[in-house]
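Inspection log for the structure reproduced underneath, given as structure tokens.
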Number of protein chains: 2
Amino acid sequence: MSVSDIGAERALVDRWHGLLACHAAVWGALERELQSRHGIGVSEFEALEGLAGCGHDKCRAAELAEAVHLSQSATSRLTARLERAGLVQRAMCDVDRRGIFVLLTEKGRDLYEAARPTHREVLAEALPGTEQAVGL
Amino acid sequence: MSVSDIGAERALVDRWHGLLACHAAVWGALERELQSRHGIGVSEFEALEGLAGCGHDKCRAAELAEAVHLSQSATSRLTARLERAGLVQRAMCDVDRRGIFVLLTEKGRDLYEAARPTHREVLAEALPGTEQAVGL
DNA sequence: AGACATCTAATGCCAACGCATTTAATGAAG
DNA sequence: CTTCATTAAATGCGTTGGCATTAGATGTCT
């Protein structure tokens with residue numbers, strides 16, 4: 001392994017640790033603020049955002065899983081939590097009765113609109129700019 | 001809110017989503033490879049790395065918590081797992097008998113040395129370079 | 001039509017986390 | 001020396017997550 005390879009490895013690992021630190025800091029701050037001000041967690045918020053940022057309601061559980069970066073099972077339970085809280089509604093999918101549609105309720109949309117400024121505010125404060133993020 | 005503010009908010013949120021996606025992808029890949037090839041998870045590896053990259057053993061549970069970005073309680077249990085696996089050892093701290101030192105055993109160091117190439121390999125493959133990371 | 005591989009989402013089960021609390025040690029104040 | 005606030009780490013408890021499995025639906029092949 002050459003000297004420059006060692007340097008490259010260092011840089012790679014440093015970038016990873018930077019990412020971990022940044023993720024932990026921002027996630028933690030979001031969790032704290034979203035939970036205390038609106039009673040939801042980060043995953044819940046990301047799910048609402050995914051649903052809000054679509055057609056006008058939205059659909060397919062599988063798409064939601066991709067949006068929130070969770071497993072299929074975790075997404076199913078997340079949907080169940082949101083449904084219990086009255087924020088989303090599950091609906092049968094006519095064209096494929098195995099699948100379901102998840103749609104935002106009015107309450108869900110309202111909560112999302114209310115929580116979004118908090119979310120953006122925390123990001124603006126806790127998410128380092130590009131320069132810092134890449135460790136230059 | 002001005003047009004450029006909207007653009008800035010978009011950029012901020014995009015950066016966050018990019019970070020989430022990257023974190024999920026790399027963490028997932030690391031978890032899979034470290035688990036299947038060496039029988040440890042990402043947190044375990046990061047703990048071993050934190051311990052290895054210090055004096056020559058290492059210490060203080062609180063420092064470890066910071067290194068792995070976990071809560072105090074989670075770090076305590078992580079240490080317990082590593083100890084059960086024979087990878088670390090807890091030792092009394094003479095100067096402050098409330099605290100403990102966590103030190104790498106020989107087995108722990110060997111496993112770390114064995115797992116490190118896997119770790120670096122996964123990072124090299126899954127961690128996007130600076131350009132992609134910032135979405136340019 | 002009937003049998004079978006495939007796919008979607010839900011659920012059982014267990015591991016790992018965080019918060020709150022507990023236990024024990026320290027250090028400062030009376 | 002005793003008391004009390006503070007600190008370090010461990011533990012009880014509830015929540016969330018992933019893996020494996022299950023139940024139900026689809027569609028392909030004969």
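Lettering follows sequence order; numbering is per chain, from 1.
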Parallel, tilted or perpendicular for A:Phe45 and A:His119, by the 30°/60° rule? parallel

Which class fits the ring pair A:Trp16 and B:His23: parallel under 30°, tilted 30 to 60°, perpendicular over 60°? parallel

If we ignore hydrogens and angles and just use 3.5 Å, is the side chain of B:Ser76 paired with the main-chain N or O of B:Gln72 as donor and acceptor? no

Counting only N and O atoms by type, is there a donor-acceptor contact under 3.5 Å from the side chain of A:Arg15 to the main-chain atoms of B:Pro128? yes

Under 4.0 Å from a heavy atom of chain B: give me the 5'-most and 3'-most nucleotides of DNA chain C that qualify. C:dA16 to C:dT26

Which pairs, with at least one residue in residues 84-95 of chain A and sequence neighbours excluded, count as a salt bridge (Lys or Arg N to Asp or Glu O under 4.0 Å)? A:Glu83-A:Arg90

A:Glu31 has an atom CD; how far is it from atom P of D:dT15, in whole Å? 14 Å

Can A:Glu33 and A:His38 be counted as having a side-chain donor-acceptor contact under 3.5 angstrom? no

Summary of protein contacts for nucleotides 7-13 of chain D, nucleotide by nucleotide, where a base hit scores B, a sugar-phosphate-only hit scores S (4.0 Å, heavy atoms): BSBBBBB

About how many Å separate CD of B:Glu44 and CG of B:Leu87, when rounded to the nearest 0.5 Å? 9.0 Å

If you measure from the Lys or Arg side-chain nitrogens to the Asp or Glu carboxylate oxygens, is any gap between B:Arg120 and B:Glu49 under 4.0 Å? yes

Contact class for B:Leu70 vs. all strands (heavy atom < 4.0 Å): base, sugar-phosphate, or nothing? sugar-phosphate

